[in-house]
Amino acid sequence: MISTNRVGARPSCRGQAAQTPLLAAGLLLVAMFLPGCSLGRPLLFNVSVAPTTISPNADGHDDIAVIRYKLGGPALVSIWLEDRAGQKRFWRDHERRSAGNDYESWFWGGVDNRVLPDGTYTLVVQAEPLSGGQASAVTSTLTITNGDSQVPAIENLMVAPPVFTPNRDGVGDHVKISYSLVKAAERLTIKLVGPDGREWAIPEDQIRDATAAGYHIHDFDGGVDLGAEPPPDGDYTVVVEATDQVGNKDRQTAALRIDQGGIPRAQIVRNDASFSTTVLRVGDTLTFTATVQNSGDVPIRTHGPEPGTTYTSDQNYNAFDEPIESGAFRIGLDYEGSYTANGFSYPFRWQLGRDDELTVIDGHKYLMPGQTVTITGTLTLVKAPPREAPAFWVGLIHEDVENVADRVGWTYITVDRIAR
């Protein structure tokens, strides 16, 4: 049963002097344009709640209570539930509403993202006039039974490492975000939020369904593996939100910092390389020279051997204990027929610059943004290639990523098969 407590009822806008039809019509016209004029109606009326017993458990039956009301003037409306101990849970809190509309508020059984415990509550709808004065309130009872109040809690949210460098150098390019859902969710969102509120999506868990209960792990690279610019360097917040079918919701956050983020860019200057000769005998040494520039905004990682190192044609980079390192840049030499012997391209590779030209960061060697280095490499031909005049060329390799510059300085070199 709904009871109405009218506190400080507003006087009629008609007034007591409206004794003639003409005067009454004039006052009525004025009343139509007076803010807050209720024409004698109470500030809050036609309040109803249906049903008065709900079971918010997403079974499709009586999951929601519809609260309806009308206002006789503009007001600040509050709706709350009060338990037997007198604790108030606000569903609406001083929200501004205008007069003349039929208002509906759909209450799903929860406050602050969680279904209230089963029980009988006092439901209060209150309106405070904008023009000042006492509030009007209507009370009723609302019972919650068989409610699903278990939150899809997000536990053990971890970000590792807490600082990462998305720049495709193969070191700290990815961050792992992990957590456990104690209950299956209807909807889950995970995002990166910057200090200015800007948001970046984080890829879904690739192991199991995003909303399933249990352990989840996300691999985040800032988009650089797809060639996109990562978020700017700075401090960010990882936000994970899970909502179930009823409306229970959990939200957890963790800190993440981005440093040295960006797309690595390098080029062989003038897209050219030069060779020391166009005629070789078996046993001779061929030297190339090329200039490389870091044309991007982030350091690019490189590794040995140093420029000037001499390979023999029956060797490859493993001879110098310098295997491929994902994300590193090197310059390489190749020629027609070498793939048959080595089984892979650019078997002869050199570091981008001498050790004394490079910057060491966390134990790795880097060519810094804007820096230019000239690289020489030498190859001693110990066996004649399959072709009499094979083409030789140079390439700039981003290892396990791409050949940034391929077959640069293509030059045919005649090989005299008579050894010295």
Side-chain angles (χ1 to χ4, degrees), residues 1-54 56 63-117 119-144 197 247 249 251:
M1 176 178 179
I2 297 176
S3 63
T4 303
N5 300 322
R6 295 180 59 203
V7 182
R10 297 171 60 85
S12 169
C13 290
R14 299 185 184 91
Q16 298 300 317
Q19 302 297 324
T20 68
L22 180 60
L23 181 57
L27 287 174
L28 180 59
L29 182 61
V30 171
M32 292 173 64
F33 295 96
L34 280 176
C37 185
S38 64
L39 297 177
R41 293 175 301 182
L43 180 61
L44 178 65
F45 63 103
N46 286 0
V47 179
S48 66
V49 182
T52 56
T53 298
I54 60 173
D63 289 325
I64 293 174
V66 181
I67 304 166
R68 295 183 173 90
Y69 60 92
K70 293 192 72 171
L71 297 174
L76 296 176
V77 174
S78 298
I79 302 174
W80 71 85
L81 290 91
E82 190 171 326
D83 62 19
R84 293 182 178 180
Q87 182 180 0
K88 295 180 179 179
R89 277 93 163 193
F90 278 85
W91 171 242
R92 298 288 184 262
D93 191 4
H94 290 84
E95 297 187 2
R96 185 167 181 156
R97 299 286 185 266
S98 58
N101 296 317
D102 292 318
Y103 288 100
E104 285 188 355
S105 184
W106 291 38
F107 179 62
W108 58 277
V111 174
D112 296 330
N113 300 316
R114 183 167 186 172
V115 170
L116 296 175
T120 298
Y121 297 83
T122 299
L123 176 68
V124 182
V125 181
Q126 176 181 280
E128 299 179 28
L130 290 181
S131 57
Q134 295 184 353
S136 294
V138 174
T139 62
S140 64
T141 58
L142 179 66
T143 299
I144 296 176
K249 182 177 181 180
R251 182 180 189 270

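We use all heavy atoms of the structure for the numbers below, so side chains are in, but hydrogens, waters and symmetry mates are not. Note that the coordinates shown come from a computational prediction; the quantities given were computed from them, not determined experimentally.
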Inset, instruction - To the nearest 0.5 angstrom, please state how far the CG atom of Asp83 sits from the NZ atom of Lys88. - result: 11.5 Å

Legend entry - Value rounded to 0.5 Å, distance of CZ in Arg114 from NZ in Lys249: 15.5 Å

Inset, instruction - Locate the shortest heavy-atom distance separating Leu142 from Thr53; write the atom from each residue and the value. - result: CD1-N, 4.3 Å

Inset, instruction - Tell me, yes or no, whether the heavy-atom count around Asp112 atom CG, taken from other residues, nucleotides or ligands under 6.0 Å, exceeds 12. - result: no

Inset, instruction - Output the distance between atom CG (Leu130) and atom CG (Leu76), rounded to the nearest 0.5 Å. - result: 5.0 Å

Legend entry - Check: Leu123 and Phe107 side chains under 4.5 Å, non-hydrogen atoms: no

Legend entry - Where Gly109 and Ile54 come nearest, the two heavy atoms and their spacing: CA-CD1, 3.9 Å

Inset, instruction - Report the C-alpha distance between Val77 and Tyr69 in whole Å, list the side-chain angles of each, state the deciding distance to 0.1 Å, and finish with yes or no for side-chain contact (heavy atoms from CB on, under 4.5 Å). - result: CA-CA 10 Å; Val77 174; Tyr69 60 92; 3.7 Å; yes

Legend entry - Minimum-distance pair of heavy atoms, taken over all atoms of Leu43 and Gly73: CD1-O, 3.6 Å

Inset, instruction - Let me know which of Arg97, Arg68, Lys70 forms a salt bridge (Lys or Arg N to Asp or Glu O under 4.0 Å) with Asp102. - result: Lys70

Legend entry - Spacing of Arg96 atom CZ and Glu128 atom CD [to the nearest 0.5 Å]: 13.0 Å

Legend entry - Nearest heavy-atom neighbours spanning Pro51 and Ala65: O-CB, 3.7 Å

Legend entry - From OG (Ser140) to CD1 (Ile67), nearest 0.5 Å: 7.5 Å

Legend entry - Distance (rounded to the nearest 0.5 Å) between Tyr121 OH and Thr143 OG1: 10.0 Å

Inset, instruction - Looking only at non-hydrogen atoms, find the nearest pair between Leu44 and Ser136 and report the distance. - result: CD2-O, 3.8 Å

Inset, instruction - Grab the two heavy atoms, one from Ala135 and one from Pro129, that are nearest each other, plus how far apart they are. - result: CA-CD, 4.2 Å

Inset, instruction - For the residue pair Trp80 and Phe90, categorise the inter-ring angle as parallel (less than 30°), tilted (30 to 60°) or perpendicular (more than 60°). - result: tilted

